[in-house]
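Predicted, not measured: the structure shown is a model, and the values here were computed from it.
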Amino acid sequence: MTKTTINKEELKKFEAMAEEWWDPTGKFKPLHQFNPVRLNFIISQLQTHYNLKELDLSKVNILDVGCGGGLVAEPLDNLKAKVTAIDASEININIAKTHQKTSGSKVDYQTSTIEDLKSSTKFDVITCLEVVEHVDNLEFLLSNLKKNVKKNGLIFIATINRTVKSMLLAKFAAEYILGWLPRGTHDFKKFLKPSELNNLIGKEVNLLMQTGFKYNILTNSWNLTNDLAQNYMMVFEKK
């Protein structure tokens, strides 16, 4: 049997909600609220790494892995990056392409896993956001991320820490009390500690930066934090 990163049960969960990807008041409302702060962090890191004085990513070739409806891919395209966005779900990709007709984005959407991606070139940047906790064969995924990024290129990985805080807030509160996410969206056992992710990705990359994200209930907004106990993002550079 061919090794795959696809977890069919996880895929079904997101396909069942796919029609709501671009509805800021729907099932992906928390992601719409979260999206600006994680995008701003990514963009600031790209500006620093590539010494960009303006918000122009036209020289940057980006692969977005597990793109869903395109919530990350389209804003990066708007900054003139050359964006390829892949998802294992054809339903998600069709939603992304439908939205593209009205947004006018030039994102190259493809129904594919990272291991099956047919690309004649490696990428300057790979984003893999809120994906690693939903896949099978995680080390296989990470090895393919490294294989598809250029030397000195960047890999952004965002996920949820496996802590008591994340279990209470990201799992039970979000799914069972506040109803931000459908029940069963996350499996606590698949959450990763930053140290585990750093060890799993291996020595072919260096950890450049890491940040946490926190939700402020008073302002109904997300912000960066040094606390990695809940949501966090790690930035790796290919050696």
Side-chain angles (χ1 to χ4, degrees), residues 1-7 11 14 21 39 42-43 45-52 54-101 103-132 134-158 200-208 233-239:
M1 182 179 293
T2 304
K3 185 181 286 190
T4 179
T5 58
I6 296 175
N7 181 308
L11 203 63
F14 287 92
W21 268 113
L39 274 167
I42 291 170
I43 292 165
Q45 293 301 306
L46 295 183
Q47 284 183 289
T48 299
H49 190 71
Y50 292 104
N51 193 27
L52 303 174
E54 297 180 0
L55 284 178
D56 183 344
L57 303 181
S58 55
K59 295 182 180 179
V60 185
N61 187 11
I62 300 175
L63 173 67
D64 184 23
V65 176
C67 66
L71 270 63
V72 171
E74 284 208 10
L76 293 174
D77 171 84
N78 289 341
L79 295 175
K80 301 179 183 179
K82 181 180 179 182
V83 183
T84 301
I86 63 173
D87 198 282
S89 168
E90 186 175 6
I91 294 175
N92 285 342
I93 291 297
N94 286 339
I95 293 294
K97 287 182 176 179
T98 297
H99 188 268
Q100 185 176 44
K101 292 177 182 177
S103 70
S105 85
K106 298 180 177 62
V107 178
D108 178 13
Y109 287 112
Q110 300 180 27
T111 304
S112 178
T113 58
I114 182 66
E115 63 269 20
D116 292 329
L117 178 65
K118 301 296 188 294
S119 176
S120 58
T121 183
K122 294 187 177 183
F123 296 86
D124 300 306
V125 176
I126 297 180
T127 57
C128 186
L129 311 181
E130 282 68 54
V131 171
V132 298
H134 298 293
V135 301
D136 284 345
N137 297 309
L138 178 56
E139 289 185 69
F140 187 47
L141 170 75
L142 297 175
S143 69
N144 278 282
L145 295 180
K146 293 182 292 186
K147 184 176 75 173
N148 282 281
V149 72
K150 293 178 182 177
K151 182 179 179 180
N152 302 126
L154 300 181
I155 301 173
F156 292 83
I157 301 177
L200 285 171
I201 200 168
K203 297 180 179 179
E204 300 93 337
V205 296
N206 290 319
L207 175 62
L208 288 186
M233 187 183 295
M234 303 179 82
V235 187
F236 299 94
E237 181 181 26
K238 178 75 172 287
K239 293 182 180 178

- request: Determine, stepwise, if the pair Leu141 / Ile114 fulfils side chain to side chain contact (heavy atoms under 4.5 Å, CB included).
  value: CA-CA 7 Å; Leu141 170 75; Ile114 182 66; 3.4 Å; yes
- prompt: Hey, mind stepping through Asn144 and Thr113 against side chain to side chain contact (heavy atoms under 4.5 Å, CB included) and telling me if it holds?
  reply: CA-CA 10 Å; Asn144 278 282; Thr113 58; over 6 Å; no
task: Begin with the C-alpha distance, continue with both residues' side-chain angles, and end with the deciding distance and a verdict on side chain to side chain contact (heavy atoms under 4.5 Å, CB included) for Ile62 and Leu46.
output: CA-CA 11 Å; Ile62 300 175; Leu46 295 183; 4.3 Å; yes
message: Before you tell me yes or no, could you show the steps for Met233 and Ile42 under side chain to side chain contact (heavy atoms under 4.5 Å, CB included), namely the whole-Å CA-CA distance, both residues' side-chain angles and the distance that decides it to 0.1 Å?
response: CA-CA 9 Å; Met233 187 183 295; Ile42 291 170; 3.9 Å; yes
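In summary, of the residues considered (Val72, Asp87, Leu129), a side-chain contact (heavy atoms from CB on, under 4.5 Å) with Cys67 occurs for Asp87 alone.
Counting all heavy atoms, side chain and backbone alike, Thr111 lies closest to Ser89 at CG2-C, 4.1 Å. Here the shortest heavy-atom pairing between His49 and Asn152 reads NE2-O, 2.8 Å. Of all the heavy atoms in Val149 and Lys122, the pair that sits closest is O-CD, 3.7 Å. Pairing each heavy atom of Lys151 with each of Lys239, the nearest pair is CG-O, 3.4 Å. Of all heavy-atom pairs spanning Lys238 and Lys146, the tightest one is NZ-O, 2.8 Å. The two residues Val135 and Thr5 make their nearest non-hydrogen contact at CB-O, 3.3 Å.
Ring geometry for Phe14 against His134 counts as perpendicular: the plane angle is over 60°, on a 0 to 90° scale with 30° as the lower cut.
Side chains of Glu115 and Phe140 form a contact here, defined as non-hydrogen atoms less than 4.5 Å apart. The side-chain heavy atoms of Leu63 and Ile86, taken from C-beta on, include a pair separated by under 4.5 Å. In this structure the side chain of Ile91 never reaches within 4.5 angstrom of the side chain of Trp21, judged on heavy atoms. The shortest side-chain heavy-atom distance between Leu145 and Ile157 falls under the 4.5 Å cut-off.
Within a 6.0 Å radius of CD in Glu204, more than 12 heavy atoms belonging to other residues, nucleotides or ligands are found. Heavy-atom neighbours of Lys59 NZ from other residues, nucleotides or ligands within 6.0 Å: at or below the threshold of 12.
Once rounded to the nearest 0.5 Å, the distance linking NZ of Lys97 with CG of Asn92 reads 12.5 Å. Atom CG of Asn94 sits about 12.0 Å away from atom OH of Tyr109, to the nearest 0.5 Å. Within the model, atoms CZ of Phe236 and CG of Asn206 stand 10.0 Å from one another, a figure rounded to the nearest 0.5 Å. Put simply, CD1 on Ile155 and CD1 on Ile126 are 5.5 Å apart, with the number rounded to the nearest 0.5 Å. Rounded to the nearest 0.5 Å, atoms CG (Leu79) and CD (Gln47) are 8.5 Å apart. Rounded to the nearest 0.5 Å, atoms OG1 (Thr48) and CD (Gln45) are 5.5 Å apart.
Pairs passing the ring-ring contact (aromatic ring centres under 6.0 Å, His included) check and including a residue from residues 62-99, sequence neighbours excluded, read Trp22-His99.
The closest donor-acceptor contact from the side chain of Asn137 to the backbone of Thr4 lies under 3.5 Å. A donor-acceptor contact shorter than 3.5 Å is absent between the side chain of Glu74 and the backbone of Ser105. The backbone N or O of Asn61 sits less than 3.5 Å from a side-chain atom of Asp124, completing a donor-acceptor pair.
Residues that satisfy the salt bridge (Lys or Arg N to Asp or Glu O under 4.0 Å) test with Glu139, not counting sequence neighbours, are absent from this structure.
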